[in-house]
Amino acid sequence: DIIYVKEEYRAAVENVLEPYLNYYVVDNLNEGLTAVHLLDAHKKGKAKFFLLDQLHSLENNTGPALLENTIPALEIIEIDEKYRHLAGYLLGNVFIAENEAALQNSDGHVILEKNGKYVKGKYSLTGGSVGLFEGKKIGRAKNLEKLMEKISLQQAKVNALKEGILQKSNEIATFNQQLNESAIQQAQQVINELINSTYAIQNKIENMLHQQANAENRLKEMNGQLEQNHLAIKETRSLLELLIDQVGEHNARMKITSDEFAKAEQEFNEVNRLYNDNNLQLTRQQSKVNSLKQELEFKTRQFTDLSTQSENSKHQLKESAENISTTSSELKELEEAVIALLKNKDAEEKKLNEADQAYYNLRNELNAKENGLRTKQKLKEQTDQLLTEIKDKLNELKLHLAGMKERLHVEFKVDLDVILEEERTTQIPLEELQAKNDRMKKRLENMGEINPTAIEAYTEMKKRFDFIGEQKNDLVTAKESLLQTIQEVETTANQKFLETFNQVRENFQNVFKALFTEDDTADMIMDNPDNLAETGIDIVAKPKGKRPTSITQLSGGEKTLTATALLFAIYLIKPAPFCILDEVDAPLDDANVGKFTQMIRKFSKESQFIIVTHNKMTMAAVDIIYGVTMQEPGVSKLVPVDFRGLTHEFVN
C-alpha cells in the first residue's frame, strides 16, 4: 500500500507487482535480519524484504524518456519520497501501452496493456482475460486516505456553509427592521439557495461515506475469501492424494474389465455383421417388388389414357373434314363479292376527291370572312369602351364642379358662376396657385377636424390610465409574492424529494438483499445531486460474483428481481390497498420464486395482491386461485379454489 496507482491503470501495474505483493520494506540489513530471527524463533514461516539503504545506492534504470505509443509507469503512480528508489527499481523499466503497436519495438522493456490484458517482457508474453479482483490489491490504503481527505474537505465546506447560513440568519434578525421588503426577499432567496446547496453537499457526503463503507466491506470480504481459499486448497490437496490412490485401484480393475469387454464386443460385432447382411438382402428384394408394382400401375394408366385420346382424335378429324368443305364454298362467294367491290372503288374515290376539294375551298372563304368580322367586332368594342370612359370622366367632372360650387356657397358664401365671369385681378401663375392650394389642403388634413368631446375623452382616458396603473402594481406585487411562493415550494419539494429518495434507497437495498442474499449489493445514485428537480437516477445492482457495468449485463431473472425490488421499495413508501402483478415470476427459477412468494406473503399483511401466473410454486403459496376455463367455445368460466378452507379442514 505504499504505492498509489491511478484507477484506470491498476489492473495493468498489478500484473507486474504481483510477485512483490508479499514483500516487506525495511530500512537496512539489520532490521531485515532481526525480522528473520523473530520468524525463525517463533516458527512463523518465511518472509521477503526490500532493503531501502541498498536501493539508495543503485542508480534507477528508468529506460528511455518515452517509447512510442506508451506511458512510463512511474508517471501514473504516487509514492512517498522515501520509497522513490524502490519504485524505480520495480517500475523503472515498465511502460503502459495504448495499443499493441508498442509490442513490436519493446527494446527489452516490460510493456503493459492499460487494462491488464497482456504483459510483454524481453523474451515472454503473458495475457488473457482480466480477473474479477484484479486491480483491487494495491493502493487500497492510499485510496482510503484520499477518500477521507475528500470527505474532510466536503465536511469543511458543509461547516463553512452552515456558519455562513447562521451568520446570514443573524444578520437578517438584526437588520430586519431596517431593510425594505425587496431586500428581505433577496436575502430569503440567497438562504434558500444555500439550503439547497447544503442538501446537495450532504447527499454527496452520504454517497462518499456509503462508497467508503462498501470499500471496507469489500476488503473484509476479500480477506475472508482469501482465508477460505487457503483452507480449501489444503483440503483439496489431501483429497487429491486420496483420489490418486483410488484412481490406481480403478485403473487395475479397468484393465481387466476392458479385456473382457473387448472380447465380448468382438463376438457382438460378428453377429451384428451377419444380421446386417441378411437385412440388406431382404430390403433389396422388397424394393424390387415395390418398383415392379408401381411400374405395372403406371403402364395400365398410360394405356387407358392413350385409348381415350385415340377416340377423341377420330371424332375431331371427322368434324374438321365437314368444316373444310363448308368453308371452301363460303370462300368462293366472298372472292366474287370482293372482285365486284374493287371495280366500284375507283369511281367512288374520284367522286370523293372532287367533293373534298369543293369543301376545302368553301372552308377557306368562310375563315377569311370570320377573321374580318372578328377584327371589326374588336374595333367596335374598343370604341364603345373609350366612349364609356369619356362619359364617366364627364360625369365625374360635373359632380366635382357641383361639389365645389356647393362648398364655396356654403363655406365661403361665394357663387362660382359669378367668379367665373369676373376678370383676374392678380398676375400669380396658375401653377403657383395650385401649389399653394395643395399646401393649404395638407395643413388642413394634418390639423384634422375639431373634436368637441376632447375634454370628456381625456378624462375617460385618464381614469383608464390610473386603473391600468393600479392593476400593474397589483400584478407586480402578485408576481413577487408568487416567485417567493415558488421558491418556498421548490425548497420544500427538494427536501421532500431528498427524504423520499433516501427512504426508497434504503428500502431498495433491504428488499434487494431479501430477494438475493445478504452478500449482494444494490444502490440508487443521483446523476446530478446539485439539481434535484432534474437529476436522473442510476440503478446499481451487483449480485455476488459479478461486476456488471450496466443493468443489461444481468440475466433475465436478475433483471426481474432487481425491477421487483425497486417497485416494492417505492411501494413501501405508501402501500396501496391493491397490487396486481402480471406474470412477474415467468423468468425466475424455483429458488427465486420461493423468495418472491415469501416477500409477497410478507407484504400481503397491508395490501391485497392479485397475481397472474403459470408457476406451480406461486400457485401453491397463494390463498385463493381463480382458474379460467372454456367448457364451450367462446364462453369463459371462472373456477375458484380457496386454500384457506382446505388448510383448516386438513388441520382438523
Side-chain angles (χ1 to χ4, degrees), residues 168-196 388-389 391-496 531 533-534:
K168 292 295 182 181
S169 300
N170 294 332
E171 291 178 0
I172 290 172
T174 305
F175 299 105
N176 189 28
Q177 301 299 328
Q178 301 177 4
L179 297 176
N180 55 20
E181 186 68 23
S182 177
I184 292 174
Q185 292 176 357
Q186 293 178 359
Q188 184 66 33
Q189 185 175 2
V190 172
I191 291 172
N192 292 332
E193 292 176 355
L194 291 173
I195 291 173
N196 291 333
T388 303
E389 291 177 356
K391 288 180 179 179
D392 293 340
K393 188 69 175 177
L394 180 60
N395 293 330
E396 184 179 353
L397 291 173
K398 287 180 179 180
L399 292 173
H400 186 61
L401 180 61
M404 290 179 62
K405 184 177 179 180
E406 183 69 22
R407 185 177 179 186
L408 288 172
H409 179 72
V410 173
E411 295 183 6
F412 303 104
K413 306 298 182 181
V414 176
D415 190 356
L416 184 60
D417 296 333
V418 176
I419 293 175
L420 292 175
E421 293 177 357
E422 292 180 356
E423 296 181 358
R424 295 187 62 185
T425 58
T426 62
Q427 300 298 324
I428 300 174
L430 179 62
E431 292 79 4
E432 186 176 350
L433 290 173
Q434 185 67 35
K436 185 176 180 181
N437 183 36
D438 294 338
R439 288 197 301 272
M440 298 303 291
K441 284 183 178 180
K442 289 182 180 179
R443 289 185 63 185
L444 287 173
E445 291 175 357
N446 292 332
M447 289 180 183
E449 298 180 357
I450 297 173
N451 185 10
T453 62
I455 297 175
E456 291 82 358
Y458 170 76
T459 304
E460 184 178 354
M461 293 297 292
K462 187 175 185 304
K463 290 181 180 179
R464 180 67 176 169
F465 175 77
D466 294 339
F467 176 71
I468 292 174
E470 292 176 359
Q471 286 186 331
K472 177 187 175 185
N473 294 332
D474 292 340
L475 289 174
V476 171
T477 304
K479 176 185 176 183
E480 294 174 355
S481 176
L482 182 61
L483 290 175
Q484 183 178 0
T485 304
I486 290 172
Q487 188 67 34
E488 294 175 357
V489 170
E490 185 177 1
T491 303
T492 305
N494 289 340
Q495 184 178 1
K496 292 292 185 182
N531 189 359
E534 298 181 1

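For reference, positions follow the sequence shown, starting with 1.
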Visitor: Mark yes when over 12 heavy atoms from residues, nucleotides or ligands other than Glu534 sit less than 6.0 Å from its CD; otherwise mark no.
Guide: no
Visitor: Can you tell me how far CG of Leu397 sits from CE of Met404, rounded to the nearest 0.5 angstrom?
Guide: 11.0 Å
Visitor: Taking C-beta and beyond as the side chain, do Thr485 and Ser481 meet within less than 4.5 Å on heavy atoms?
Guide: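 In short, these two side chains touch, coming nearer than 4.5 Å.
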Visitor: Taking C-beta and beyond as the side chain, do Gln487 and Gln484 meet within less than 4.5 Å on heavy atoms?
Guide: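 A side-chain contact under 4.5 Å is absent here.
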Visitor: For Glu488, is there any backbone N or O sitting under 3.5 Å from a side-chain donor or acceptor partner on Thr492?
Guide: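 Checked: pair present.
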Visitor: Only pairs at least two apart or in different chains count here, so list each side-chain hydrogen bond (donor to acceptor under 3.5 Å, both in side chains) that has a residue in residues 435-444.
Guide: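 Qualifying pairs: none.
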Visitor: Which pairs, with at least one residue in residues 392-402 and sequence neighbours excluded, count as a salt bridge (charged side-chain N to carboxylate O under 4.0 Å, His left out)?
Guide: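 Residue pairs passing salt bridge (charged side-chain N to carboxylate O under 4.0 Å, His left out), neighbours aside: none found.
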Visitor: Roughly how far, to the nearest 0.5 Å, is the CD atom of Glu470 from the CZ atom of Phe465?
Guide: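 These two atoms lie 11.0 Å from each other.
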Visitor: Which distance, rounded to the nearest 0.5 Å, do you find between the OH of Tyr458 and the NZ of Lys463?
Guide: 12.5 Å
Visitor: Could you measure the distance from the CG atom of Leu483 to the NZ atom of Lys479? Nearest 0.5 Å is fine.
Guide: 6.0 Å
Visitor: How long is the span from the CG atom in Leu394 to the CG atom in Leu399, to the nearest 0.5 Å?
Guide: 9.5 Å
